[in-house]
Each structure stands twice: as structure tokens, then as C-alpha cells.
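Here is how names work: the chains are called A, B, and so on, in the same order as the sequence lines, proteins then strands, and each is numbered from 1. No experiment lies behind these values; they were computed from the predicted model shown.
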2 protein chains.
Amino acid sequence: MKRTTLKDIAKALNTTIATVSRALHDNPEISDEMKNRVREVAKLYDYKPNSTALSLKFQKSYTFGVIFFTLNQYFTTQILSGLLQEATKNGYKLIVAESNYDPKKELELIQEFYELNVDGILILPSRKLNTKRFELENIIRDDVPFVIIDRTIYFEKKKIPFITSDDYVGTREGISHLIKKGYKRFAQIKGLDSSSISNIRYQAFLETLTRHKLEIDHRKIISCQEFTKEEGEELANQLMSLEDKPDVIFCISDMVAVGVLHALRKKGYRVPEDVAVLGFSNSNICEVCTPQLSTIHQPGVEMGKKSIKLILSNIKQKKDISDVKIVMKTKLIEREST
Amino acid sequence: MKRTTLKDIAKALNTTIATVSRALHDNPEISDEMKNRVREVAKLYDYKPNSTALSLKFQKSYTFGVIFFTLNQYFTTQILSGLLQEATKNGYKLIVAESNYDPKKELELIQEFYELNVDGILILPSRKLNTKRFELENIIRDDVPFVIIDRTIYFEKKKIPFITSDDYVGTREGISHLIKKGYKRFAQIKGLDSSSISNIRYQAFLETLTRHKLEIDHRKIISCQEFTKEEGEELANQLMSLEDKPDVIFCISDMVAVGVLHALRKKGYRVPEDVAVLGFSNSNICEVCTPQLSTIHQPGVEMGKKSIKLILSNIKQKKDISDVKIVMKTKLIEREST
DNA sequence: ACATCTTACGTAAACGTTTACAGTTAATAA
DNA sequence: TTATTAACTGTAAACGTTTACGTAAGATGT
């Protein structure tokens, strides 16, 4: 029942593990006859090298650690799929962990990954991790590649590569398209101020309106916390109770946008005639809701793949990736809600 | 930059690694003075035991391998969440892999997991793996616990524990509730005949109708393959083109049900007045679509947790789990579509 | 005939741990 | 005084690999 080892094969052939190891690696110092005998026995015994021993020997695990703030979103699972595809394709495994938005847990998980001798760490940090940026910076080791996905965090001393979607351009395209359609009174449901992503979209929102000489009404720009449908409903009601009601509600996430749609329907507003609603991410719910939700597509799977490629370029080709900032193209997806 | 090892500490204190190891394990044979000195240096050097070395030594990795047929469904990611929570809580890691419904890949991944010395394997098998049951049976090793999630596969010689949701009772509750409401002409969109899950729901569907003396119209029972929205639309159209149109469409998944809803709306049928639609799983899309989808809740997170508990009961308490068949309660969730 | 070079294999150290067993010293008992 | 014991620490093997180095035998060159 025990796994067969080099020792077993050596014993069977009355030779040493060194010879067996070399034979299996097709080392030129080993005679063809011996190689054949070794291979035969190896096959017979179904020999498989012990990867733990190899890890110890070579000080690498062929494993990446990945931390998600949640796996409960379509976008994050798309990233996971991309990561898995590209990792397994290259002979790497993924140890997956979920931080549930807890920055302390995120730091702990990073520590744990180091103790596991992972060959690299990828993280989708929660917004809150930004507040622990200093701790994060101090914890990150220089000898294990580190990649930040879906967020941009800048540090004092260290340079850490990140990979995001081009939310700026995505937002600009979405908003300017709506402007062209004649919408004028733009509202935004953004995230908290501590979120880099939210801020980028906010900036793009503001600047696009400004460039088109549209007035910006700051009472129409509000923040949500949990990104839930319920919150979307609540905030939509809040927005529609303004005297000057918006004719566009640009949301931080698709789920929030769905909440907005529901609230609008309940109040009798027509979408997209009275109010246009624009989501973000292009998750699977966009085609499910009524009206179907226009949104800005983030290429989750591709981001995952690219992240692995990035980290592998550091490991395999020894490329310095500390300066890399990958920004992946987004795409406006027009459906019924705009 | 290198990790500090026992050797480093030993050298610093001019002693041996054995003493250091013992001191760190609070071995009574070591003097308190030595223990203190060792601990001090260990702290100073930020010593962390090398888990790879421990894995090699103890022949365990504190790692489980998990195989998903897809991570692109709400239900499967819920299971993943549950698995992760319970695993990390117990100091275990998860290596995650996606088979993308490819039975060959599933078998390969299992092999790979064995080579990685995982302490256990959990799998959500694709329906197609059933056809490779023989290969699967032969590949499974007796010394590494194996758990099947969300599917029931019976083998010739081996006994493998599985954990599923009680789809039989769930279906029965759903259908009989609809019967009570006065619906009479039941249609089912089921999966392929090779799917154990689909068959259980099919049986429950038939038997519930029979018990209530309702006629079963086999033209109203059709199969889908990909479980997509588009397929749901197509099959709904097919069902509604029968002379004797159904007044209930019971679907194999929520996404299929959403497709059905869309098709019905396009054709002008009212839901739930003309046709009731019932999904399965209670995924996040149920509250998103219009009308909101009634469904049968499967406790994904709990199933994940329970799976880890099960496998740990084998590992830690040496319980024989080969006979275990866990069937978790489902729950009818009534929303607007019924 | 002798040095030299190949060829083919063995020895042993290393990766970082744990732990059975073997010392060493000092204290205690006879 | 000497044997016994207790308290502490060191030695070395083991987990399964890889690989620098050593070595033996035969082949080649002069």
C-alpha cells in the first residue's frame, strides 16, 4: 500500500538509489541496459516521484497561494478559473483561501503561505487592507513574487506589481456613451473612499462629465458599503427622492444595479426611458434581470491567466516584474437598461 | 533573506538541532534555562518551522485536494466556501482544481493529488464521470480518504462515502406544494439519464405525481445538456408548443429556469398565473430575475463544511467513513414564480 | 608496460525536521 | 568509595530526493 520509492527500485535491482535516480533522469553516465532495467521496474511498481521530497530538496513547491476577499461574486470566481487554467497548464497548483474582507486574516494568510514555501502569492485584497498597507508592506518578502489583483496599492518603499481592469477607460466609455444618448442628470453609486477601484471610477465619472460640460451634482454621488441588492434598492430610493432626480444611475457593481432596477420598478419608473442603469463587471446576473443590465465587462478569466503568466515570467525567466502594472481592457456591454 | 532553520538557532547557541527542536516543543528533558534561550533566539530570528520538511517527515501534508466540475456556478462556489472555512479552521489547506466536466481530467487530477501526498480528496464529479466509474474505482486508494460531493456513485467493490442534498424530498415538497396550489399539468426539464442527481429528481417527480393521482405526460419530460439559459428558453418553447401545454415547468437548475421565464415572457404567458416555474439550488440569480424564482434550496456552504468534518473524522478519530451517506436537508423557497 | 582516459556505478552530503538511543555530568544511595 | 540514578544534551537515522565527488574496471595511447 505504501508508495514505491527509489529505494524500493534500487533494492529490487540490487543497486543504489543514485543509479536509479540517474537512470530515471536519463543521465548519460548510466548504461542503456541499466536504464532499461530501472524503467521496467519503475513501471512495474508504478513509481511516482515524491513531490514533497522534491520540494524540500529544491526549495520550491510549484504552488501558488491565492487569497480572495470573497468567492461569492461572479467576477472573483472568473478570476479563480483563469488562475487555475493557467497554473495547471504550467504544472503549478493553487492553494486557495478566502479572507472574507478581513484585513487581519489577509495578513495571516500571507504569513501562512510563506511558511508553506509557496512559490508565489496572488491576492485580491479587500478594500480594508489599504488601511493596513504598512503592515502589508512589511510582511511582503522580496524572494517570493507577489502580485496584487483587481486593486492598486502603492507602497512607500516596495514596488509590487498589480493587474487590474481599465476601469477608468471603461467608465469613460460607458458614461460618454450615455451622454451621447442624451442623458444629462448623472448619479453614481460608488464604494467607500478607501477603495482605489471606486476612486478610479469616480474620477473617470467626474472627468467625463466635465469634459462634456455637464454639471456635476454631488448630492447624486453616494457610497455603498456591502454591494448588496438591498443596498442598491435603498440608495436608489434615496436618489429618486431628490427634487432633481437623476436620469442615469451608474453603479459600482452589477448586484447593486439590480437592486436599483428593482427599486425603480417598484416606484414605477421606466428603464431605460426615465432612468438608465449601468452596472459594472458583466456578471452572470446581467442577462438574468429585467430589463437586462448594461454593464462594463471586466475580463476576469483573462486577468487570472495574465496574473499567472506574470508571476511565471518572474520565476522562469527571472524577469523583474516589480514595476509591472497591467491594465486590462474593459468593454461596454449594452443591454436593455440603457 | 533565507528562512531561519533549527540549524541556525543551534549554531547561534552553540548547541545541536535536536536540543533546539526539543526546546521548541517544550520537551521535559530540556532545562528551563535552555528553553528560554532557544525561544529567545527563535523569536529574534523569526523562526518558522518548515512545513515541507514536516510533510516529508510525517508523511502528511495537511492538505486536501478538491476537484470541481466547474466553479462557474453559484452552488459550487458555495460549497468551496464551506470547504475553505472548515478546512482552515482545522489547519488544513485546500488545493483546488477544475475538471471542466472532463472525466479524463478528473482521473488525472486524482492521480496528481495522490502524487502530492494530499491527506484526502474531495470531488464534485461531472455527470460524465459515471461512465468512467470503473477507472475511478480502480484509481481510488484505500489509505487516502475520498469523499464524493453532490453526486451518488456506487461502485462494485469499494465503498466510498458521499454527501448530497436531499433532492428527493426537496422535489417532493416542491411538487406537492404546487399540486396543492391547483397546478395539474406538470412538465420537467431534467438532465441526462446518466446523471444520478437528475434521476433522483425525476423519480421524486414521478412518484409525487403518481401519489396524488395525477396523470404523467411523458412528452412533457425532456432533457437538457448544458444547463444554460439559452437551453432553458429553447426547451420552454418546445414545451409550450405542445397541444396540451404544461402549467408547471420544473427545472434542473435555476439558470435553466431563468431561461424558461424569459421564453414564457416573450410568448406572453403570465407567471405564475398561466405557468409556474420552479428552479433548483437557490442561487443568487433567483432574486434577480423577474418574477423572482421559486426554487429548492441546497445548503452549499453547509455541505462543504460537513464534507470536511466527515473526512477529518476519518483522519483524526480514525472513524471508518466508507459507509457514510450524508443527505442534507433541502428547503422549498417560495418566491413569485409559483 | 605504464600512464591516461572513459565508462559506469557507488558514496555521501544536503534539503529541515523529529526522535530513539547513547552519552555526560552531577547528585544520590549503599 | 562506588554504584545507581536523574537531568540534561548530543549523535545519528529517518522521511525521499538530487548530485558533487570518488572509484573501479576496461579501453586507449605511447
Participant: In whole Å, what is the span from the OH atom of A:Tyr45 to the P atom of D:dG16?
Facilitator: 16 Å
Participant: State whether A:Asp102 and A:Lys104 are salt-bridged, where the test is any N-O pair (Lys NZ or Arg NE/NH1/NH2 against Asp/Glu carboxylate O) under 4.0 Å.
Facilitator: no
Participant: Nearest whole Å is fine: how far is C:dG16 P from B:Asn50 CG?
Facilitator: 7 Å
Participant: Take the protein atom NZ of B:Lys57 and the nucleotide atom P of C:dC15, then report the distance between them rounded to whole Å.
Facilitator: 16 Å
Participant: What's the CG-P distance between B:Asn117 and D:dG16, to the nearest Å?
Facilitator: 9 Å
Participant: Within the pair A:Lys7 and D:dC15, is there a side-chain N or O less than 4.0 Å away from OP1 or OP2?
Facilitator: yes
Participant: Starting at CZ of B:Phe58 and ending at C1' of D:dA14, how long is that distance when rounded to a whole Å?
Facilitator: 11 Å
Participant: Tell me, please, which residues at least two apart from B:Glu137 pass side chain to side chain contact (heavy atoms under 4.5 Å, CB included).
Facilitator: B:Phe155, B:Glu156, B:Lys157, B:Lys158
Participant: Check this for me, if you would: do A:Asp26 and A:Arg39 make a salt bridge, where the nitrogen-to-carboxylate-oxygen distance has to be below 4.0 angstrom?
Facilitator: yes
Participant: Taking DNA chain C as the partner, which of residues 9-31 of chain A come within under 4.0 angstrom of it by heavy atom?
Facilitator: A:Thr15, A:Thr16, A:Ala18, A:Thr19, A:Arg22, A:Glu29, A:Ile30, A:Ser31
Participant: If only side-chain N and O atoms of A:Gln59 are considered, is one of them under 4.0 Å from the OP1 or OP2 phosphate oxygen of C:dA14?
Facilitator: no
Participant: What residues form a ring pair (Phe, Tyr, Trp, His ring centres under 6.0 Å) with A:Phe113, not counting sequence neighbours?
Facilitator: none
Participant: Please check: side-chain N/O of A:Asn90 versus main-chain N/O of A:Tyr92, any donor-acceptor pairing under 3.5 Å?
Facilitator: no
Participant: Would you work out how much the helix from C:dA1-D:dT30 to C:dA30-D:dT1 bends between its ends, with each end axis defined by five base pairs, to 10 degrees?
Facilitator: 70°
Participant: Is it the case that the ring center of B:Phe162 lies less than 6.0 angstrom away from the ring center of B:Tyr154?
Facilitator: yes
Participant: Do the side-chain N or O atoms of A:Lys60 get closer than 4.0 angstrom to the phosphate oxygens (OP1, OP2) of C:dC15?
Facilitator: no
Participant: Choosing from C:dT17, C:dT19, D:dT17, which nucleotide comes nearest the side chain of B:Tyr47?
Facilitator: C:dT17
Participant: If we ignore hydrogens and angles and just use 3.5 Å, is the side chain of B:Arg3 paired with the main-chain N or O of A:Tyr114 as donor and acceptor?
Facilitator: yes
Participant: Of all of residues 32-39 of chain B, which get a heavy atom below 4.0 angstrom from DNA chain D, listed by number?
Facilitator: B:Met34
Participant: Please list all pairs meeting salt bridge (Lys or Arg N to Asp or Glu O under 4.0 Å) that have one or both residues in residues 110-131 of chain A, counting only residues at least two apart or in different chains.
Facilitator: A:Glu115-B:Lys48
Participant: Do A:Leu310 and A:Pro161 come within less than 4.5 Å of each other through their side chains, counting heavy atoms only?
Facilitator: yes
Participant: In this structure, are over 12 heavy atoms from other groups packed under 6.0 Å from A:Lys11 atom NZ?
Facilitator: no
Participant: Give one of base, sugar-phosphate or nothing for A:Leu54, where a contact means two heavy atoms less than 4.0 Å apart.
Facilitator: sugar-phosphate
Participant: Okay, side chain of B:Lys93, backbone of B:Ser61: is any donor-acceptor separation there less than 3.5 Å?
Facilitator: yes
Participant: Rounded off to whole Å, could you give me the CG-to-C1' distance for the B:Leu56 and D:dA14 pair?
Facilitator: 9 Å
